[in-house]
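Read the structure below first, then the notes.
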Amino acid sequence: MIEIADPAQMRAWSRRERAAGRRIGFVPTMGYLHEGHLHLVDRARARADVVVLSAFVNPLQFGPGEDFERYPRDAARDRALAKGSAVDCFFAPPLETMYPAAPAIRFAPGPLVAHLCGPRRPGHFEGVLLVVAKLFHLVEPDVAVFGRKDAQQAILVTRMTAELDFPVTIDVAPIVREPDGLAKSSRNVYLQPAERRAAAVLSDALEGAHLAFDRGAREAAALTQKVRDTVAGQPLVTLEYVEAVDPRSLQPVVAASADTILALAARVGPARLIDNVVLGQGLSADVRLPADSVAPA
Ligand code: AMP
């Protein structure tokens, strides 16, 4: 595994690989790697000849009062985990090389950020799209893999690449979950043991709504209320939102269908966690880590 910090070297490496006829797979992350990220690496490897993983905590996607400063970072651990996986190139650019000056140009994602995390994290997706566009220009991947864990992000990136004619295919991977259903997240490290146990109510609530959908429930208001009721039974968890949206427009639906995304965000102790389910699929479409799995050290 080669390690690159300099953006110009990153592009040079990618161009050499492409000139040698190799397809480039790309997994952008903010580091503090876990099994969810490593699953994306495996998918990238299955779709390309070489895999680039970037680890960069992008300040532009954090709002004032959010956790940019305390976001977990451990470059040595990330490097070791990447090395033990199918990563060929580990790209960790220092902040000042990515943003030598405060960027003047911003993306305006419009109606796709009118719901879900959009209104709750003003500027977040503008920052995400900006860094993804920059990383795509530096890595020049053939295929980039994103997790459905961040469903709104994956849908926005897919739209951006289509509308701006980026020559990259976006692959969206299922959510990797802990044995109790909690979606893997770098932010799970913020949770105290009782909070960690309580957080499983989020995936339980989503699965409950999926089962209701399976039994014929279609009214979105009833399905979201079911999630609210389940989460309300867990005092350590405070729901921020739950919405049932169309996967193309990201607008709320009145009547749910099989492709409707039921998405939520919640506060658990100091952590803000997100999760979602495709109503026609349920949690069985996701990857469940076995009970005896050992978390990356
Ligand atoms: P992050 O480092 O949290 O910005 O995530 C980097 C990429 O990994 C994004 O495409 C995320 O959607 C994806 N990801 C994070 N957690 C998971 C998970 N539990 N399952 C699948 N993908 C994930």
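As the structure is a computational prediction, the values presented were derived from the model and not from experiment. Whatever order the structure lists them in is the order used to number ligands and atoms, beginning at 1. Starting from 1, each residue takes its place in the sequence as its number.
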Applying a heavy-atom distance cut-off of 4.0 Å, which protein residues contact ligand 1? Pro28, Thr29, Met30, His34, Gly36, His37, Leu40, Tyr71, Phe146, Gly147, Lys149, Asp150, Gln153, Pro174, Ile175, Val176, Lys184

Listed by chain and number, what are the salt bridge (Lys or Arg N to Asp or Glu O under 4.0 Å) partners of Arg120, not counting sequence neighbours? Glu243

Please list, chain by chain and in numerical order, all residues satisfying salt bridge (Lys or Arg N to Asp or Glu O under 4.0 Å) with Arg177, sequence neighbours excluded. Asp275, Asp286

Got a list of side-chain donor-acceptor pairs under 3.5 Å for residues 151-161, not counting sequence neighbours?
from   : atom 1 : to     : atom 2 : distance (Å)
Gln152 : OE1    : Cys117 : N      : 3.0
Gln152 : NE2    : Leu112 : O      : 2.9
Gln152 : NE2    : His115 : O      : 3.0
Thr158 : OG1    : Ala154 : O      : 2.7
Arg159 : NE     : Glu163 : OE2    : 2.9
Arg159 : NH2    : Glu163 : OE2    : 3.4
Thr161 : OG1    : Val157 : O      : 3.1
Thr161 : OG1    : Thr158 : O      : 2.9

Kindly check if the number of other-residue, nucleotide or ligand heavy atoms within 6.0 Å of NZ (Lys226) is above 12? no

May I ask you to check whether His137 and Phe166 place their ring centers less than 6.0 Å from one another? yes

Quick one: do the Asn188 and Arg196 side chains pair a donor with an acceptor below 3.5 Å? no

